[in-house]
Protein chains: 2
Amino acid sequence: MRQPATTARAATSSAPGSVGDVRKANLARVLSVIAAAGEDQRLSRADIAQLSQLTKASVSSLVTDLLAAGLVIEIGVHRDGERGRPSVGLILNPARCVMGMEINVDYIAAGLVDLSGKLLAHEVLPRANHSSTASEVLAALGELNQRLQAAAQAQGLMILGGGLAVPGLVNEEHFIVLQAPNLGWVQQELDVAALLPEPKTRFRLFNEANASALAQQQLMDAQENDFLFVSGEVGIGGGLIIDAELFVGPQGHAGELGHVVIAPDGKTCSCGGRGCLETIAGQEAILAAAGLGDGTETASRQERISRLYQALKAGDEPAINAVAEAGKSLGIAVASALRLYNVSTVVFGGHFAALEQWMRPAMEASLQMHAPSIAGQTRLLCSPLGQTGALVGAARSVVGDLLEAPYQLVD
Amino acid sequence: MRQPATTARAATSSAPGSVGDVRKANLARVLSVIAAAGEDQRLSRADIAQLSQLTKASVSSLVTDLLAAGLVIEIGVHRDGERGRPSVGLILNPARCVMGMEINVDYIAAGLVDLSGKLLAHEVLPRANHSSTASEVLAALGELNQRLQAAAQAQGLMILGGGLAVPGLVNEEHFIVLQAPNLGWVQQELDVAALLPEPKTRFRLFNEANASALAQQQLMDAQENDFLFVSGEVGIGGGLIIDAELFVGPQGHAGELGHVVIAPDGKTCSCGGRGCLETIAGQEAILAAAGLGDGTETASRQERISRLYQALKAGDEPAINAVAEAGKSLGIAVASALRLYNVSTVVFGGHFAALEQWMRPAMEASLQMHAPSIAGQTRLLCSPLGQTGALVGAARSVVGDLLEAPYQLVD
DNA sequence: CCCATATAGTTCAGAACATAAACTAAATGG
DNA sequence: CCATTTAGTTTATGTTCTGAACTATATGGG
């Protein structure tokens, strides 16, 4: 049957080299051509043959399998005004989808993402997750999930897998959230079966910043296969896309930009370190520097954040200085990250995107000061992703896995 | 016809999937099994079949091709005391090799590395390369190279390719040294033909730290496929091995640890930035802090370095403090790099290895302070690689390419 | 000395797959 | 109505791996 999450990758890389493997590769190849074209193009078998460098005969045979697996469907096409036999359009099956989910500090969310990466339906539920237990949060997510499963059934959508994003470090292989300090979670194992209709369906677990980076990838130009996504939420996370793939490092926790050291003699961080970026540019740090409390008072963070924006718009000096200081530190961290990763594009998401107008000048000046030779060659963008970014990214990545290993669904 | 549109990604993925590709993959597979076993094991075809998951029939056929290509040779074996037909041992052809070369600030070097990664012959020539032109340096390297080519011929060694390491940023694709400030080079194109016997032979160009990391890889445990190599030479470089592969980033310049920002308000760096690690832990910075000149005096750097060691051994305070301060900064840079790369092993090479006893305590303390949650899980090693490290690594990488694409040499 | 046993390696028939070329299908346009 | 054009399928062919049968060459016991 279907492979559990992690074996799939290993299997494709080092499977014994039999003739059958060629077909596996070619199924994926054809599918990737169809996916790259998008649903408006309605490629014919002949088009695919050209684009994939395979012969028409091979493509015909491969497409037959993909149709049988339900990954692709035919759409009749009239070619207007041109001679010759009309082609049959092929697109990714719009009735297949993947469940994307996110648990964040102040909300939970779920949504259905089709094979083209489009968000078909979603629901975001504000929820103070740090003030309830992990199992309560997971139960709430399970309910949300059930509603979306019902919606999928009502629309005739088949759910092929799921992805979950959480704001913390994860062990993808064993579906464990190792630590999510802003949720108050430590070593929380997930009951995947409760989150998906069939337990054998493919499931993956992501760090929030990584998932958002995957969602951002969809918004980038097709050639832009390398960038760093910086997620400014309660904590600060990073997601690195290298060669169109997510880079997570040996243990899966690469990209922790929030704990890059900015001020060696600075404040102590929640990670136990000192002078981390998060101690200056994290949400609580900015709020505190702006004179909006230290997190121990009664006002909710969301309230205090909206006060921050009011203060900024009113030209309040402490608020403006707090954000500028954060921008300066962010620029330093980005300078170091660019030296180590050598990407030429950085995308800022979450609150960093919202704070752009107050943050960017200080950030750019700081980057210019600390890495002048690369500052001019680096594109600094702000992401339009909202609260659905992470769930879309998580789902999209699972879709990518399915499209890369279609033979798992063929037979 | 339809528009090509977003086919770029699909096209770059790989060659068309024909049945013949299976053979290419399997040739590499068999070769990698033989290489992994080492020359002492003398694997039989039957052994290879087991290890590679291929059938005896396939292995026999594949080995025939590899023998014809000269990549592998047979060595007769008597199985002592066991029943059954004796096996024929197979090892990588010891008469094939690759030329490794290095241009560094104070020397040039070249050597012959066989397919198992062993250094067969080498020569290191001290030379003040910063005080002569690039073409003079290359001419000197050419001469050195000629001598080793003659030595190869005398020993019946066939040279299959070459690799060159330089202390600077390179464009691997076009064989251009983009900048090597410590050599005084800017945008220096290389005449590859002058450095290799046959122009069609495979040639690769590396950054010195990257090449050293590749050499270090050979010394690590077989399971240790991820580590950061930190090269403390005149400049400070980094080489990252992820999943047993060199990570160089989108433009090939990842790992520039020397320009990670350590002291936001620190000194101006040669890169134009401010507070880079190199401004505190680079050779000249350490020498200056130790009161051994600022690089403008007549004494050569090597002289001043040996004075530094004398001072350290004599317990001279300024020298000891200078090195400790460098260690402290190095610890901060490593803390940030560990957050971003998520490797669990760091190997220090070059002068950092030599300075270990004075540098390590401060470095460890600093790492503990700035990244306590990962400091304990991280192995910090010193590399035994000497002046031949970079050339061996460069050559070994070319060997790896050849072994991964043996079909290029078949028939 | 001969034969059972064990292991290495080769040969051969069969299956899976891609390919190229021939062929069928279905449209347009004069 | 037929030439032309393009889409898609069928068929013969070659490459490769596989599994089973077969050959080659050793050891060891009667």
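Worth knowing before you read on, the calculation uses all heavy atoms, side chains too, and leaves out hydrogens, waters and symmetry mates. Every chain is numbered from 1, with letters handed out A, B, ... down the list of sequences.
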N/O donor to acceptor pairs below 3.5 angstrom from side-chain atoms of residues 91-100 of chain B, sequence neighbours left out:
{"unit_1": "B:Asn93", "atom_1": "OD1", "unit_2": "B:Ala95", "atom_2": "N", "d": "2.8"}
{"unit_1": "B:Asn93", "atom_1": "ND2", "unit_2": "B:Gly70", "atom_2": "O", "d": "2.8"}
{"unit_1": "B:Arg96", "atom_1": "NH1", "unit_2": "B:Gly70", "atom_2": "O", "d": "3.3"}

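Considering only side-chain N and O atoms, A:Ser18 lies nowhere under 4.0 angstrom from the phosphate OP1 or OP2 of D:dT18. Phosphate proximity of C:dA18 to A:Asn26: present, with a side-chain N or O under 4.0 Å from OP1 or OP2. Between B:Ser61 and D:dT16, a side-chain N or O to OP1/OP2 separation shorter than 4.0 Å is absent. When the side-chain nitrogen and oxygen atoms of A:Ser87 are compared with OP1 and OP2 of D:dA7, none of them lie within a distance under 4.0 Å.
Residues satisfying the side-chain hydrogen bond (donor to acceptor under 3.5 Å, both in side chains) criterion with A:Lys56, sequence neighbours excluded, are absent altogether. With sequence neighbours left out, the side-chain contact (heavy atoms from CB on, under 4.5 Å) criterion links B:Ala213 to B:Phe229, B:Ile241. Checked against side-chain hydrogen bond (donor to acceptor under 3.5 Å, both in side chains), A:Gln153 has no partners two or more places apart in sequence or in another chain. For A:Glu74, the side-chain hydrogen bond (donor to acceptor under 3.5 Å, both in side chains) partners two or more places apart in sequence, or in a different chain, are A:Arg45. Evaluation of the side-chain hydrogen bond (donor to acceptor under 3.5 Å, both in side chains) rule for B:Thr64 yields no partner, not counting sequence neighbours.
At a threshold of 4.0 angstrom between heavy atoms, the contacts of A:Val59 with the nucleic acid are absent. Across all strands shown, A:Ser58 has heavy atoms under 4.0 Å from base atoms, whether or not it also approaches the sugar-phosphate.
B:Asp221 contributes no side-chain N or O that, together with a main-chain N or O of B:Gln223, makes up a donor-acceptor pair within less than 3.5 Å.
The list of salt bridge (Lys or Arg N to Asp or Glu O under 4.0 Å) pairs with a residue in residues 61-71 of chain A, not counting sequence neighbours, reads A:Arg23-A:Asp65.
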Which pairs, protein N/O on one side and nucleotides 27-30 of chain D N/O on the other, fall under 3.5 Å?
{"unit_1": "D:dT27", "atom_1": "O2", "unit_2": "B:Arg83", "atom_2": "NH1", "d": "3.4"}

Where do N or O atoms of nucleotides 11-16 of chain C meet protein N or O atoms at under 3.5 Å, pair by pair?
none

